[in-house]
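Please see the structure below; I have some questions.
Keep in mind that the numbers below use all heavy atoms, side chains included, and drop hydrogens, waters and symmetry copies.
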Amino acid sequence: MGSIPMIDVKHVNCFLQSSISVVDTVTQVKLTVGKPEKTDFKINKTSYVIQVGVVGEMKGQVMLAIEDENAKDIASRMMFGMEVKELDEMASSALNELGNMIMGNTATIFSTQGIKIDITPPLSVYGNDFVLKTDIAGIKVPLYNGDKSYIDLYICVTD
């Protein structure tokens, strides 16, 4: 069996730069980057997961896993402070748009480096205790708001 393809570290920074910039712009939350690690894609806590496919010169998936309370906070901030008690259709739409914005911005960053990628529309899953499967090795990068984990960025993309 062949080895599983792994993302080039220099490409990871494009996803991180975009995530931090877009989240700051739309929520006014200043994220910091935690320690990247290999992942088994197990999501144990109740989370809202946004998956966006990457096609073109790079291929794979990027997922934003956001624990329930953080997802409500982000949706509320994106809807100008409107209270979000549950992740209904409007809140889900806001969160999916966040995924679109981050990945669209990532595609723009890559294009400035001469790498052409396109993204698929977001697919979201809400629940707990599930495992995602992929043929590309993935890394998980926790993004923190202060000292609390806010968003887990899963990157499983190869060129």
Does the side chain of F41 reach to within under 4.5 Å of the side chain of C156, using non-hydrogen atoms?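 Yes, side chains in contact.
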
Closest heavy-atom pair and its distance - A91, V84: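 That would be CB-CG1, 4.0 Å.
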
Heavy-atom side-chain proximity of D152 to L64 below 4.5 angstrom: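 D152 vs L64: side chains apart.
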
Which heavy atom of L95 sits nearest to which heavy atom of I74, and what is that distance?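 Smallest heavy-atom distance, with atoms named: CD2-CG2, 3.7 Å.
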
Return the CG to OG1 distance between D129 and T46, rounded to the nearest 0.5 Å.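 Reported value, rounded in 0.5 Å steps: 9.0 Å.
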
Could you pull out the closest heavy-atom pair between V157 and Q61, with the gap in Å?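 Here V157 and Q61 meet closest at CG2-O, 3.7 Å.
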
With hydrophobic residues grouped by side-chain heavy-atom distances under 4.5 Å, do M78 and M90 end up in a single group?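 Yes, same cluster.
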
For side-chain contact (heavy atoms from CB on, under 4.5 Å), just list the numbers for V54 and V62, CA-CA rounded to whole Å, side-chain angles, deciding distance to a tenth of an Å, and then say yes or no. CA-CA 7 Å; V54 175; V62 174; 4.1 Å; yes

Minimal non-hydrogen separation, P142 against K35, with atom names: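 Minimum heavy-atom separation between P142 and K35: CD-O, 3.4 Å.
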
Quick check on E89: does its CD atom have over 12 non-hydrogen neighbours (other residues, nucleotides or ligands) under 6.0 Å away?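 No.
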
Between OG of S76 and NZ of K85, what distance do you get to the nearest 0.5 Å?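 The NZ atom of K85 is 11.5 Å from OG of S76, to the nearest 0.5 Å.
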
Test item: side-chain donor near acceptor, S124 and Y48, under 3.5 Å: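 Present: a donor and an acceptor within the cut-off.
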
Enclosure of M79 CE (heavy-atom neighbours >12, cutoff 6.0 Å):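 For M79, atom CE is crowded (more than 12 foreign heavy atoms under 6.0 Å).
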
Are the side chains of L98 and V22 in touch, meaning some heavy atoms are under 4.5 Å apart?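 Yes - at least one pair of side-chain heavy atoms lies under 4.5 Å apart.
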
Are M63 and I50 side-chain neighbours, meaning at least one heavy-atom pair lies under 4.5 Å?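 Side-chain contact under 4.5 Å: no.
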
In Å, rounded to the nearest 0.5 Å, how long is the span from CE of M103 to OG1 of T108?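 Interatomic distance, M103 CE to T108 OG1, rounded to 0.5 Å: 11.0 Å.
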
If you measure only the distance, is there a donor-acceptor pair under 3.5 Å linking the side chains of S18 and N105?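 Per modelled atom types, S18 and N105 side chains form a pair under 3.5 Å.
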
So K140 and K38, do their side chains get closer than 4.5 Å, heavy atoms only?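 Not touching, per the 4.5 Å side-chain cut-off.
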
What residue among D73, T27, N145 forms side-chain hydrogen bond (donor to acceptor under 3.5 Å, both in side chains) with Y150?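 By the side-chain hydrogen bond (donor to acceptor under 3.5 Å, both in side chains) criterion, Y150 pairs with just one of D73, T27, N145: D73.
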
Measure across T120 and V52 and return the closest heavy-atom pair with its distance rounded to 0.1 Å.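 The pair with the smallest heavy-atom distance is O-CG1, 3.4 Å.
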
Would V141 end up clustered with Y154 when hydrophobic side chains under 4.5 Å apart are linked, directly or stepwise?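 Result: no, two separate clusters.
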
If you round to the nearest 0.5 Å, how far is CD of E97 from CD1 of I102?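 The CD1 atom of I102 sits 10.5 Å away from the CD atom of E97.
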
In one Ile/Leu/Val/Met/Phe/Trp/Tyr side-chain cluster, 4.5 Å: M82, L87: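 Cluster IDs for M82 and L87 match.
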
May I have the step-by-step check of ring-ring contact (aromatic ring centres under 6.0 Å, His included) for F110 and F15, ending in yes or no? CA-CA 9 Å; F110 276 121; F15 293 99; 5.4 Å; yes

Less than 4.5 Å apart, any side-chain heavy atom of S47 and any of N128?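 In short, these two side chains do not touch, never coming nearer than 4.5 Å.
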
Are any of the side-chain heavy atoms of H11 and I115 separated by less than 4.5 Å?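 Yes; the side chains approach each other to less than 4.5 Å.
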
Are the charged groups of K45 and E67 less than 4.0 angstrom apart, N to O?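 Counted as a salt bridge, because a side-chain N and a carboxylate O are separated by less than 4.0 Å.
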
Are V125 and I43 side-chain neighbours, meaning at least one heavy-atom pair lies under 4.5 Å?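 Not in contact.
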
Looking at G104 and I119, what are the two nearest heavy atoms and their distance?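 Of all heavy-atom pairs spanning G104 and I119, the closest is N-CD1, 3.7 Å.
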
Hydrophobic cluster membership, I20 vs I109, 4.5 Å side-chain cutoff: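 Different hydrophobic clusters.
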
Which one of I117, T106, T158 satisfies the side chain to side chain contact (heavy atoms under 4.5 Å, CB included) criterion with M58?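 Per the side chain to side chain contact (heavy atoms under 4.5 Å, CB included) rule, the option paired with M58 is I117, out of I117, T106, T158.
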
Check whether I151 and V49 end up in the same hydrophobic cluster, where Ile, Leu, Val, Met, Phe, Trp and Tyr are linked by side-chain heavy atoms less than 4.5 Å apart.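 No: no chain of side-chain contacts under 4.5 Å links I151 to V49.
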
CE-OG distance between M101 and S21, expressed to the nearest 0.5 angstrom: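 Between atom CE of M101 and atom OG of S21 there are 9.5 Å.
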
